[in-house]
There are 2 protein chains.
Amino acid sequence: MHNDELQHPHNHQACLEQALHIADTICVKKGVRLTTIRRRILELICSSHKAIGAYELLDLFRVEDAKAKPVTIYRALDFLITAGLVHKIESLNAFIGCLQAEKQHQSVILICDQCKNAYELNAAPVYESLFTMSKKIQFKPTSLTIELHGLCVACA
Amino acid sequence: MHNDELQHPHNHQACLEQALHIADTICVKKGVRLTTIRRRILELICSSHKAIGAYELLDLFRVEDAKAKPVTIYRALDFLITAGLVHKIESLNAFIGCLQAEKQHQSVILICDQCKNAYELNAAPVYESLFTMSKKIQFKPTSLTIELHGLCVACA
DNA sequence: CTTAATATGTAATATTATAACATTTCATTT
DNA sequence: AAATGAAATGTTATAATATTACATATTAAG
Ligand SMILES: [Zn+2]
Ligand SMILES: [Zn+2]
Ligand SMILES: [Zn+2]
Ligand SMILES: [Zn+2]
């Protein structure tokens, strides 16, 4: 999966399968359990590149499990985010699957406000620059959120 | 007001007065109305450098107007944010006053997760870098959120 | 003063997220 | 295989954040 594929039609079935396969591998490696529920919710999130909200996810999940509750979704999200398989987009209160969870990455999220597709772009120099700046003022960084809204090439 | 003042004791009364004065000026220049409510809410936000939530703000505002409702706060926030006088910190669902509203600025927000102080640091090169990246993939940026969490020098 | 636009009041509700405690499932030890 | 303890899930309730809709009041302009 390359970044540019996300802006164009692509074989998304393969894209999804890869994400799930990587998730399996990572969870085995980390010794954590990608249970049926967790895996299914990851699958729902990765079923497109659009950012999806927790309650949208709940609606989808309820197709199979009519009496699922919000906390089911939030627990799975918590697990998936901690495992690095999903990212929260703070400015949307929505979630996307990570397509490069297997490797350490320093990414920014680009969000098309028209089509809602969101994807990560590697931006190591940006992180470098920010960490250098914070070092100068003796600020100890722990986590960084970078979200760029706009219009993708397809929607512009 | 210099950035480093925010990490150290400073004359915050002057800091607050300056923020309100700049707000007055900007609203006159823009031909918008900084009403009593709006100005008071800005004053409450700027009463410290800690990020403050809408309902915290409501509690403070209710000391003077016992029957104020959430929408009063959200309307004022909407106005103040549009005017560039306040920024929302997406990763906290909280708000801070902007100390450089009079000039165009490209800033990142540094948030100390211990003391909750949050302040803006100019980071034009970071914006440059991100805009260059997005240009390459023909993404048209409209807005950018950069929030760096960590520990400030006082809390480390 | 009248008018139209803007701001505020008021009530209800939508959306996002977590707390608390019971029960079940799973892996490990005996 | 049974006992144990930890992790996951079920269930109910509620907290926290934010908006909609419509009525009334205030303001600026003609
Ligand atoms: Zn990622
Ligand atoms: Zn788009
Ligand atoms: Zn100050
Ligand atoms: Zn600012």
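Chain A is the first sequence line, chain B the second, and so forth, proteins listed ahead of strands; every chain is numbered from 1.
Between B:H49 and B:H10, the ring-plane angle classifies as tilted under the 30° and 60° cut-offs.
Here the shortest heavy-atom pairing between B:K50 and B:C115 reads NZ-O, 3.1 Å.
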> What is the per-nucleotide protein-contact pattern of nucleotides 4-17 of chain C, from the 5' end, where B denotes a base atom under 4.0 Å from a protein heavy atom, S denotes such proximity for sugar-phosphate atoms only, and - denotes neither?
Replying inline: --SSBBB-----BB

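In this structure, CZ on B:R62 lies 8.5 Å from OH on B:Y55, to the nearest 0.5 angstrom.
One atom, CD1 of A:I73, and another, P of D:dA8, lie 17 Å apart when rounded to the nearest Å. Distance, B:L34 CG to D:dT27 P: 14 Å, rounded to whole Å.
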>> If you apply the rule side-chain hydrogen bond (donor to acceptor under 3.5 Å, both in side chains), what do you find for B:E147 with A:T145, and how did you get there?
In response: CA-CA 5 Å; B:E147 298 170 3; A:T145 298; 5.0 Å; no

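Think of A:L92 as one node in a network of Ile, Leu, Val, Met, Phe, Trp and Tyr side chains linked at under 4.5 Å; its network also takes in A:I89, A:I96, A:I109, A:I111.
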